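Got a structure for you, questions after.
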Amino acid sequence: MSPSKHIILAHSIPPHTLTRMVKEWLAEDTPNLDPAGVCVGSQEVEARLLCKSSHSVLAGSPFFTAVFTELGCIVDWMYQDGDEIGPDAVTLTAVVRGPARCLLLGERPALNCLARASGIATRCYRLRKTATASGWHGEVAGTRKTTPGFRLVEKYAMLVGGTSMHRMDLSGMVMLKDNHVWASGSITEAVKAARSVCGFSSKIEVECRSTEEGMEAAGAGADIVMLDNFHPQELQTAAGALKARFPALLIEASGGVTPENLGKYFCPHVDIISLGCITQGCPVVDFSLKVQKPVFPSGIADVLSP
């Protein structure tokens with residue numbers, strides 16, 4: 001499911017970034033006292049992470065682990081990111097051990113992150129599987145429609161699911177959308193201005209609403225033309241015309257693409273299909289963390305009972 005079992009995608013996340021993120025999550029969830037911590041104390045406990053959404057793709061384990069590491073707990077995984085969990089209705093996925101109050105402090109932030117990331121990875125895996133089964137060799141990609149403050153997790157989950165992240169942020173690839181063009185006066189002027197800043201090191205993509213706009217963008221030096229909100233048949237015609245004149249041009253289809261109609265957009269002249277629904281409205285995977293009751297050796301329970 002992930003690009004290769006030999007590639008550990010978690011190695012792309014800087015350790016200091018993980019530490020900073022989980023500190024912020026924990027501070028947000030417990031900014032002051034933790035009254036419930038008095039109830040459980042610091043006794044060592046074991047909790048089992050259960051996945052209750054069969055045939056889901058695991059993603060987000062580095063973030064989950066980092067939350068509990070920050071709290072002095074240890075996580076042992078039965079699965080790795082990119083693995084499909086199931087087919088059982090409930091599957092033991094990991095075991096967390098540590099002081100009870102610390103384990104419970106990390107429970108909700110860790111589960112929220114894992115559920116969201118795994119949901120995105122699962123959707124991405126299924127979209128990629130649809131593309132592969134059709135014989136289409138382009139890139140299925142996400143968008144910048146991500147949750148503020150949570151983008152790194154969501155983009156990472158796209159990679160785990162086997163799709164492209166698209167651009168990470170505004171400092172990456174230049175994308176000139178309709179508002180940029182209207183504010184600049186023309187596609188040609190917008191591309192010229194952007195190129196003066198990004199130079200050779202960044203690609204320029206232009207959002208276009210017609211074949212004519214695509215031709216202007218490519219002629220002005222754009223590297224990628226996004227054909228936005230085209231019907232599938234119109235998309236094939238426009239993409240074919242652009243490739244015939246500019247063979248090296250990359251063509252992206254976006255707008256109105258869903259998991260249900262994705263197959264209609266596959267075309268030999270389209271290189272990228274991006275979907276906002278990868279992150280917007282994506283179902284989460286159902287995980288729960290259950291602390292195990294202590295099991296006393298035979299005879300001990302009688303001694304402890306009143």
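Worth saying up front: this structure is predicted, and the values here are computed from it rather than measured.
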Open item on the list: Contact between L242 and H269 at the side-chain level, heavy atoms closer than 4.5 Å - yes or no?
Closed with: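 No. Closest side-chain heavy atoms not under 4.5 Å.
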
Task: Reported CZ-to-OG1 distance for the pair R245 and T211, which is rounded to 0.5 angstrom - done: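 Between R245 CZ and T211 OG1, I get 12.0 Å after rounding to 0.5 Å.
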
Open item on the list: Is it the case that the side chains of N112 and R108 hold a donor-acceptor pair, with the cut-off being a distance below 3.5 Å and no angle test?
Closed with: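 Short answer, yes.
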
Task: Single-linkage hydrophobic cluster, 4.5 Å side-chain cutoff, M21 and L105 together - done: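 Yes; tracing contacts between hydrophobic side chains, which count when under 4.5 Å, links both residues.
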
Open item on the list: Consider side-chain hydrogen bond (donor to acceptor under 3.5 Å, both in side chains). Of E212, E213, E207, which one does R209 pass it with?
Closed with: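 Among the candidates, only E213 passes.
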
Task: Pair K155 + D169: basic N to acidic O under 4.0 Å - done: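 No, no charged N to carboxylate O under 4.0 Å.
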
Open item on the list: What I want to check is whether the side chains of E84 and H55 have a donor and an acceptor closer together than 3.5 Å.
Closed with: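 Note: E84 and H55 side chains meet the donor-acceptor criterion.
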
Open item on the list: If hydrophobic clusters are built from ILVMFWY residues whose side chains come within less than 4.5 Å, do I204 and M175 share one?
Closed with: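 No, no single cluster joins them.
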
TODO: Kindly work out whether a path of hydrophobic side-chain contacts (I/L/V/M/F/W/Y, heavy atoms less than 4.5 Å apart) joins L275 to W136.
DONE: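 Linked, L275 and W136 end up in one cluster.
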
Open item on the list: Can you classify the ring geometry of Y156 versus F63 as parallel (below 30°), tilted (30 to 60°) or perpendicular (above 60°)?
Closed with: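 Answer is perpendicular, since the angle exceeds 60°.
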
- [ ] Answer yes or no: is there a side-chain heavy-atom contact under 4.5 Å between H180 and V206?
- [x]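 When only atoms from C-beta onward are counted, V206 and H180 do not touch, as no gap falls below 4.5 Å.
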
Open item on the list: With rounding to the nearest 0.5 angstrom, report the CE to SG distance, M165 to C124.
Closed with: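 It comes to 11.5 Å.
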
Task: Hydrophobic cluster membership, L114 vs I120, 4.5 Å side-chain cutoff - done: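 Looking at the clustering, I120 is in a separate group from L114.
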
TODO: Can you see which heavy atom on C51 is nearest to which on T93, and at what distance?
DONE: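 Closest approach of C51 to T93, heavy atoms only: CB-OG1, 3.4 Å.
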
Open item on the list: Assess whether a salt bridge exists between D76 and R97, defined as any Lys/Arg side-chain N lying under 4.0 Å from an Asp/Glu carboxylate O.
Closed with: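 Salt bridge flag = yes for R97 with D76.
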
Open item on the list: Quick check: do C102 and C73 have side-chain heavy atoms less than 4.5 Å from each other?
Closed with: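 Yes. Closest side-chain heavy atoms under 4.5 Å.
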
Open item on the list: Ring-plane angle category for F64 and W77, please: parallel below 30°, perpendicular beyond 60°, tilted otherwise.
Closed with: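 Perpendicular, since the angle between the ring planes exceeds 60°.
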
TODO: Supply the atom-to-atom distance T163 OG1 to M158 CE, rounded to the nearest 0.5 angstrom.
DONE: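 Here the rounded value is 6.5 Å.
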
Task: C277 side chain near R123 side chain, heavy-atom distance below 4.5 Å - done: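 C277 reaches R123 side chain to side chain.
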
Open item on the list: Taking the side chain as everything from C-beta on, heavy atoms only, tell me whether R144 gets closer than 4.5 Å to R151.
Closed with: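 SC-SC contact between R144 and R151 confirmed.
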
Task: Minimal non-hydrogen separation, P232 against K264, with atom names - done: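 Taking every non-hydrogen atom into account, CB-O, 3.3 Å.
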
- [ ] Look up atom OG in S254 and atom CG in D228, then write down how far apart they are to the nearest 0.5 Å.
- [x]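 Those atoms lie 5.5 Å apart.
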
Open item on the list: Between R195 and A220 (side chain of the first, backbone of the second, donor and acceptor by atom type, cut-off under 3.5 Å), is there such a pair?
Closed with: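 No, the answer is negative, given that no donor and acceptor are paired below the 3.5 Å cut-off.
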
Task: Residues E154, R116; criterion salt bridge (Lys or Arg N to Asp or Glu O under 4.0 Å); working and verdict - done: CA-CA 8 Å; E154 294 172 346; R116 175 79 172 140; 3.1 Å; yes

Task: Within one Ile-Leu-Val-Met-Phe-Trp-Tyr cluster: I278 and M173, side-chain cutoff 4.5 Å - done: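 Unlinked, I278 and M173 end up in two clusters.
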
Task: Nearest-0.5 Å distance that lies between atom CE in M226 and atom CD in E205 - done: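 It is 4.5 Å, given to the nearest 0.5 Å.
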
Task: T91 and D88 side chains, donor-acceptor separation under 3.5 Å - done: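 Note: D88 and T91 side chains miss the donor-acceptor criterion.
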
Task: Greater than 12 external heavy atoms within 6.0 Å of I74's CD1 - done: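 No, because the 6.0 Å sphere around CD1 of I74 holds 12 heavy atoms or fewer from other groups.
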
TODO: Over all heavy atoms of both residues, which pair between F246 and G219 is shortest? Give the atoms and the distance, please.
DONE: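 Smallest heavy-atom distance, with atoms named: CZ-N, 3.8 Å.
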
Task: Atom pair OG1/CG of T258 and L127 - distance to nearest 0.5 Å - done: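 That separation rounds to 9.0 Å.
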
Open item on the list: I want to check something: taking the side chain as every heavy atom from C-beta on, are I187 and L176 in contact at a cut-off of under 4.5 Å?
Closed with: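 Of all side-chain heavy-atom pairs linking L176 with I187, none is under 4.5 Å.
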
Open item on the list: Regarding S61 and Q80, do their side chains bring together a donor and an acceptor under 3.5 Å, going by distance alone?
Closed with: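 Judged by distance alone, the side chains do not pair up.
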
